[in-house]
Amino acid sequence: MGILKFMFNGKLEKLDDYRWLIPKSYMEGMRVNGIIYADEKLLPSILKDNAPIQVANSAHLQGIVCQAMAMPDIHWGYGLPIGGVVATDIEKNGVITPGGVGYDINCGVRLIATNLMYKDIAKKIKNLIDVLFSFVPSGVGSNGKIKVDSKESARVFIEGAKWAVNKGYGWDSDLIFAEENGAMKGADPSKVSSRAYERGQDQIGTLGSGNHFLEIQTVEEIFNEDTARIFGLQKDGVVIMIHTGSRGLGHQVCTDYVEKMVKIGDKYGIKIPDRQLVGVPVKSQEGVDYIGAMSSSANYAWANRQVITHLVRRAFEQVFETRAENLGMRLIYDVAHNIAKFEKYNISGEEKLLCVHRKGATRSLAPGHKELPQLYQKTGQPVIIPGDMGRCSYVLRGEEKAVETFYSTCHGAGRVMSRNEALNVTRGRAIDKELAEQGIIARCAERATLREEAPMAYKNVTDIVNIVEKAGLSSKVAKMKPIAVIKG
DNA sequence: ATGTTC
């Protein structure tokens, strides 16, 4: 067993080629071990920042079961690192922590199929991306055409994607192919502050900024023919990927509840090594309130991605002069990668209801799981992994071994540079021109965003998915390359 | 991520 020394004054013990242990003994108060999924090649970039300490910190959470985990795309985040997975036992006063969900509640990704091949869109791609850019508002503070008053907002919070479909923004079948069918239980609109309501009232159907994007991609490589066929993916086929979340609403909800939880101090006698990991028992009044507001935000995010799906279909209809149905624009799947959910697991022979926090981590259900739609029973869950805008993205499928991570896997490439660092090293560069030289058309609301999101600011997503595949959490189905990108 | 320092 090899032992490596690293910056944060700890030890990572090699469990196997893809699992690295932070032993409980590392820090006083850790209730369980920490495990980071990585390989030798990736470790230096992971150890470059303090994210491993955040894994150790999260192992202190009251009620935590099994181990605190981080996926290979781990990097420094608020409280829990991006890439973190922690589950608490709600019957053991287990906590829920807003820092374990993140500010962009239900940030997530959806993938839309088409029956188009690259050759069908090659000549129309500029027009297509311009129409998409005009249809889907993007950028910080961007507003959409849909306005919802507080009564209508409450419906969005409860019904999620179904609200959008009922309004005409989508197909009934879209709801089959979204995690939670696009609306989780437990939303309580009365727990959302008026300021959060206000911020959400005109942002449905907007992309936002930062790493959020809309891409037209082509399937470059198929790794699993049978599964790809069932998912609706074929070589050189065109797909559309949408990456966004709950916008200003979720951000406000996180802000509100972190503040509330800090304010109540040690009412529940909870000890944590980092204030950013502030949390309350799931069953406490404050916990129930946060869950009501978080679920409302999650459902808003599903409505948001659903409305954007509608706008994408309208854009394709305009450019191809036929109905989206004729273009085969069905939803392949929609995943959340910033969320806390209640799921049952067998823990040492006992069935327990756990609060599973996935922050920069994606659910990865194995074949046969009852939560999966009929179409994906034999394949396992489509796991959509966005990469950076210059390289590629992946579709994986869930595998049974992922039960050890509460059916979780990675969520993307993971940053290797902070936003500021990326801005500094790309000063004076025209990222859109660089992308154009590689055959990728980029449109953005704010040019600086392209530099913050430059491919070099990210790890190579291929390295990340190879690790989760070799660790057995999920396996590769298809690799897509971007041909046109919209950024905020 | 974010009406990017209420």
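By convention in this document, chain letters (A, B, ...) are assigned in the order of the sequence lines, proteins followed by strands, and residues within each chain are numbered from 1.
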Cation-pi between A/K167 and A/Y169: NZ/CZ under 6.0 Å from ring centre and within 45° of the ring axis? no
Would you mind reading off the distance between A/Q252 atom CD and B/dT2 atom P, rounded to a whole angstrom? 13 Å
Can you measure A/N420 atom CG to B/dT5 atom C1' for me and round it to whole angstrom units? 14 Å
What is the nucleic acid contact for A/E453, judged by heavy atoms within less than 4.0 Å: base, sugar-phosphate only, or nothing? sugar-phosphate
Does the side chain of A/R443 reach to within under 4.5 Å of the side chain of A/K487, using non-hydrogen atoms? no
Residue whose closest nucleotide on DNA chain B lies nearer the 5' end, A/D104 versus A/E446: A/D104
For the pair made of CZ in A/R447 and P in B/dT4, what is the distance, rounded to whole Å? 22 Å
What is the distance, to the nearest angstrom, from the NE2 atom on A/H251 to the P atom on B/dC6? 10 Å
Whole Å only: how far is the NZ atom of A/K487 from the P atom of B/dT4? 19 Å
Select base, sugar-phosphate, or nothing to describe what A/E198 touches, counting heavy atoms under 4.0 Å on all strands. nothing
Have a look at A/G245 and say if it touches a base, only the backbone sugar-phosphate, or nothing, with a 4.0 Å heavy-atom cut-off. nothing
Hits for salt bridge (Lys or Arg N to Asp or Glu O under 4.0 Å) against A/K263, two or more places apart or cross-chain, chain-then-number order -> A/E259
Heavy atoms under 4.0 Å, any strand shown: does A/T255 hit a base, just sugar-phosphate, or nothing? nothing
Is the NZ or CZ atom of A/R415 positioned over A/Y458's six-membered ring, under 6.0 angstrom from the centre and within 45° of the axis? yes
Can you tell me if A/R419 touches the phosphate of B/dT4, counting only side-chain N or O atoms and a distance under 4.0 Å to OP1 or OP2? no
Taking B/dC6, B/dT4, B/dT2 as options, the one with an atom nearest any side-chain atom of A/V140 is B/dT4
Given the ring of A/Y37, does A/R19 sit roughly above its face, with NZ or CZ under 6.0 Å from the centre of the six-membered ring and within 45° of the axis? no
Can you tell me the distance, in whole Å, between the CG atom of A/N304 and the P atom of B/dT2? 10 Å
Earlier contact from the 5' end, DNA chain B, for A/C107 and A/R195: A/C107
Rounding to a whole Å, what distance do you find between A/Y103:OH and B/dT2:P? 13 Å
Rounded to the nearest angstrom, tell me the gap between atom CZ in A/R247 and atom P in B/dT4. 12 Å
